[in-house]
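Working notes for the structure below.
Below, chains carry the letters A, B, ... as their sequence lines are ordered, and counting in each starts from 1.
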Amino acid sequence: MIAQRAGTTVLRRVAGKPNTFFSANVAKFGLAQPLSTTQLRPVATQKITADEAAALLAKQRLNRPVSPHLAIYDKQQTWFGSSAWTRITGASLSGTLYLFATAYLAAPMLGWHLESASIAAAFGALPVAVKGGIKFLAAWPFAFHTFNGVKHLLYDMTIGFHRKQIVKQSWYLWGASLVTGMFLAFFL
Amino acid sequence: MASIARSSLLRQVASASRVSMATRPALQQSVLARAATFHTTSKRELLPPLPQRIKGTVNDAVPVPEPSPAQGSYHWTFDRLVAAGLVPLTVAPFAAGSLNPTLDAILCAGILIHSHSGFQQIIIDYVPKYRTPTARKLFMWGLNAATVVVGLALYEFETTDVGLTEAIKRIWTA
């Protein structure tokens with residue numbers, strides 16, 4: 001048994017029945033040190049600068065566990081939420097525009113033909129199903145983004161911003177955008 | 001020097017724990033082995049934390065950014081106005097069936113401003129200024145350059161080619 005821990009076991013034994021004579025005279029009889037409850041743990045410390053300490057802390061923070069969020073929370077709100085998909089559809093439409101515009105400016109240097117006439121001719125030569133498919137891939141994000149954009153503008157004016165309504169509206173808009181996308185792609 | 005001392009300390013602690021492990025009773029060892037297999041799914045890091053940055057000492061509060069109505073309130077209102085204005089602008093040319101270069105130009109400008117604003121929001125959300133300042137600056141300036149390029153391209157398309165609405169109409173009905 002370690003000498004320091006012996007004090008705690010002794011204290012536990014006497015705690016059940018405190019003795020007034022003992023407690024009054026513990027210091028006088030020099031019994032305090034063996035009854036000490038402080039543990040002596042030999043440990044080495046090093047001096048590091050404040051910058052090193054901050055860097056160490058910043059590195060250690062990366063080891064903290066991250067609470068699961070997207071993997072476990074209500075997938076209807078997180079993976080199919082309308083704000084997320086408004087952003088995704090908007091980013092894909094704008095991204096396509098940005099890429100096409102850059103390619104259009106670079107085309108003469110690279111020998112490509114990206115004028116509207118050549119694109120229309122190439123598109124017209126594709127089979128009907130492929131044409132419909134590509135048009136749907138462009139029409140559905142546009143319809144979804146427009147409908148949800150209007151919905152968010154209404155929310156900004158605090159119209160229709162209640163939990164039950166939001167859940168229903170979300171599903172109505174998914175359906176409406178799919179129907180509108182198909183109409184625009186196959187019937188226009 | 002400090003790192004050498006630290007690694008030697010770690011080695012001492014590791015060897016001490018190894019010695020005590022051998023002398024621990026069998027029950028404790030099996031409990032530890034069972035605890036290690038507690039997780040039923042593998043750890044998947046969706047969106048791991050970005051690099052951590054500590055300004056000043058650890059006891060200083062994180063600096064709060066300066067509020068600015070131009071960056072905040074007015075920017076937001078301008079955003080909503082452009083978005084609301086785009087709704088009739090997009091539908092009108094195709095519904096009316098007629099071409100108007102001025103209308104087309106306004107539509108292109110509106111789409112450009114709306115796209116730029118949207119991309120800005122994405123960058124602001126996913127590249128925080130406090131933790132990744134250089135990446136944030138890079139992305140913002142890259143976006144500005146890209147928007148200028150797209151503006152030029154749209155101008156070229158309007159003047160030398162048929163224009164956005166007419167091109168879409170022709171390709172759609174090709």
Same hydrophobic cluster for B:Leu112 and B:Leu143, using side-chain heavy-atom links shorter than 4.5 Å among ILVMFWY?
yes

With chain A as the partner, which of B:Asp161, B:Val149, B:Val87, B:Ile111 has the greatest number of non-hydrogen pairs under 4.5 Å?
B:Asp161

Linking I/L/V/M/F/W/Y whenever their side-chain heavy atoms sit closer than 4.5 Å, directly or via other members, would A:Ile88 and A:Phe80 fall into one cluster?
yes

May I ask whether B:Ile122 and A:Leu93 are part of the same hydrophobic cluster, defined by side-chain heavy atoms of I, L, V, M, F, W, Y residues being less than 4.5 angstrom apart, directly or through others?
no

Give the member of B:Ile168, B:Thr160, B:Val150 that has the highest number of heavy-atom pairs under 4.5 Å with chain A.
B:Val150

Give, as side chain, backbone, both or neither, the part of A:Leu153 having an atom under 4.5 angstrom from any heavy atom of chain B.
side chain

I'd like to check the ring pair (Phe, Tyr, Trp, His ring centres under 6.0 Å) partners of A:Tyr98; sequence neighbours left out, ordered by chain and number.
B:Phe119

Below 4.5 Å from any heavy atom of chain B, which atoms of A:Leu188 appear? Answer side chain, backbone, both or neither.
both

Short side-chain donor-acceptor distance under 3.5 Å, B:Gln120 and B:Ser117:
no

Max heavy-atom pair count under 4.5 Å with chain B, selected residue of A:Arg87, A:Lys59, A:Glu115, A:Arg61:
A:Arg87

Measure the spacing between NZ of A:Lys151 and OG of A:Ser83 and express it to the nearest 0.5 Å.
6.5 Å

Using non-hydrogen atoms only, which part of A:Ala50 is less than 4.5 Å away from chain B: side chain, backbone, both, or neither?
neither

Does A:Leu184 offer a backbone N or O that forms a donor-acceptor pair with the side chain of B:Trp172 under 3.5 Å?
yes

Filter on side chain to side chain donor-acceptor pair (under 3.5 Å), then keep only pairs touching residues 172-188 of chain A, sequence neighbours left out; what's left?
A:Trp140-A:Ser177

Looking at residues at least two apart in the chain, or sitting in another chain, which of them share a salt bridge (Lys or Arg N to Asp or Glu O under 4.0 Å) with B:Glu156?
none

Assign the ring pair A:Tyr104 / A:Phe100 to parallel, tilted or perpendicular, where the plane angle (0 to 90°) is split at 30° and 60°.
tilted

Under 4.5 Å from any heavy atom of chain A - which part of B:Thr147:
both

Mind ranking A:Ala117, A:Ala54, A:Ala101 by heavy-atom pairs under 4.5 Å with chain B and telling me who comes out on top?
A:Ala101

For B:His116, which atoms come within 4.5 Å of any heavy atom of chain A: side chain, backbone, both, or neither?
both

So, the part of B:Glu166 with a heavy atom under 4.5 Å from chain A: the answer is neither

Would A:Leu114 and B:Phe157 show up in the same hydrophobic cluster when neighbours are defined by side-chain heavy atoms closer than 4.5 Å?
yes

Between A:Thr89 and A:Phe142, does a side chain to side chain contact (heavy atoms under 4.5 Å, CB included) hold up when you go through it step by step?
CA-CA 7 Å; A:Thr89 49; A:Phe142 176 73; over 6 Å; no

Quick one: what part of A:His69 sits under 4.5 Å from any heavy atom of chain B, side chain, backbone, both or neither?
side chain

For the interface with chain B, which of A:Gly124, A:Ala120, A:Ser94 has the highest count of heavy-atom pairs at distances below 4.5 Å?
A:Ser94

Is there any residue in residues 125-137 of chain B with a non-hydrogen atom under 4.5 Å from a non-hydrogen atom of chain A, and which ones are they?
B:Asp125, B:Tyr126

